[in-house]
Amino acid sequence: MSRFLNRRSAITAGLALGVTLAVTGTAVTQAATTHTTNTAHSAGITRLQWTGVALTSKQYPAMEKFTEKALGLKVLASSKEFSVFGAPNGNLFELYGPKAPQYPWRTSTTSTAIGFDSTNLKTAGKVLERHGAHWVSSVYTFPGAGAGGTDYRFRFFRAPDHRIYGVAQSNFDPSQPVPDSATGPAGINKLQWSGIDLTAGQYAKMKHFTNRALGLSVLSHTTQFSVFGTKNGNLFELYGPKAPQYPWRTNSKSIAMGFNTINLDKAMVRLEQNGAKWVSRVYVVPGAGVGGTDYRFRLFRAPDNRIYAIAQSNATS
């Protein structure tokens, strides 16, 4: 666990400053190891698991093609204006046109939602309730869709920021390595990052909820900006009004997410060939990747006009 804490603290520094950093000294390590939580009393969240994106009828076919051809994710299921794509590690990326199934988070064609994976959905539910989560759906069960043919179960809840999130039990092992051969042309192996924009009032509540209820480790924080980490190296970031500014932050309701690739250079070529528009340069954080490698990432605009991130952390799980 400590290797992720130190690495993600360095990543945080790069995100916050938007510059190339060399991590030296002990201040970063102290910040990472001091602000942790007791996961025994939390929801047992292991990783980011799911992202749902609502689209117009015009955006849907373009984004469906982009996800399959550019991102290289596998189509697991599809119907009229609805597609479920899977990353090699079992993460899900779903596209919802106007005719897709209706869920509580879909309030408009600009809606985006994210979800977490837990070790035990029933236990997670009790912890989330205790910390103020309000359920907005029953438990959905997909027989045999989880790891090893187990049931895949999930539910939606409203958090203190009034957004709707998902929590699931997929039964995938978050530490299981994904072979490079399992990735597509862009080398994407998992969901990697999510950023949440908040008002000043929401920020304090969500910081407490993320640490105490979800049980994510606080890797670093400054004024109205916190970075949390999951067990498999995912990043979940909260942005108050005074947090660093990025292109995806257009208002206090903004949400963004990003993918991890095994080769950022090849991924960038693939994305460009399929219509991605870059909205940032490549950020490099020396020594912040797995095994002391560089952590590199870049932001792009996809055919749905949203801004996403693509990163190379060199993590295999």
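Throughout, residue positions are numbered sequentially from 1 according to the sequence presented.
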Taking only residues two or more places apart in sequence, or in another chain, which ones meet [X] in a salt bridge (charged side-chain N to carboxylate O under 4.0 Å, His left out)?
{"X": "R153", "result": "none"}
{"X": "D265", "result": "R296"}
{"X": "R163", "result": "D161"}
{"X": "R306", "result": "D304"}

Taking side-chain contact (heavy atoms from CB on, under 4.5 Å) as the test, write out the residues that go with [X], two or more places apart.
{"X": "S138", "value": "none"}
{"X": "Q224", "value": "A200, Y203, P241, K242"}
{"X": "A77", "value": "V84"}

Exercise. What about V285 and L299, same hydrophobic cluster or not, with Ile/Leu/Val/Met/Phe/Trp/Tyr joined at side-chain heavy-atom distances under 4.5 Å?
Worked result: yes

For this session: Answer with yes or no whether the hydrophobic clustering places L95 together with Y103; edges join I, L, V, M, F, W, Y residues whose side-chain heavy atoms lie under 4.5 Å apart.
Result: no

Under 3.5 Å, is there a donor on one side chain and an acceptor on the other for [X] and [Y]?
{"X": "N171", "Y": "T150", "result": "yes"}
{"X": "D197", "Y": "S252", "result": "no"}
{"X": "T261", "Y": "N263", "result": "no"}
{"X": "N189", "Y": "N260", "result": "yes"}
{"X": "N274", "Y": "E272", "result": "no"}

For this session: Please state whether the rings of W105 and Y96 are parallel, tilted or perpendicular, taking 30° and 60° as the class boundaries.
Result: perpendicular

The criterion is ring-ring contact (aromatic ring centres under 6.0 Å, His included); which residues satisfy it with [X], sequence neighbours excluded?
{"X": "F93", "result": "F259"}
{"X": "Y308", "result": "F300"}
{"X": "F142", "result": "F154"}

Exercise. Which pairs pass side-chain hydrogen bond (donor to acceptor under 3.5 Å, both in side chains) with one or both residues in residues 70-88, sequence neighbours excluded?
Worked result: S57-E81, Y60-S83, E64-S83

Seminar exercise, completed: In short, I255 meets T112 closest at the heavy-atom pair CD1-O, 3.4 Å

Problem set entry | Exercise: identify the closest heavy-atom pair between A133 and F157 | CB-CD1, 3.8 Å

Donor-acceptor list for residues 124-132 side chains, cut-off 3.5 Å, not counting sequence neighbours:
| from | atom 1 | to | atom 2 | distance (Å) |
| --- | --- | --- | --- | --- |
| E129 | OE2 | W135 | NE1 | 2.6 |

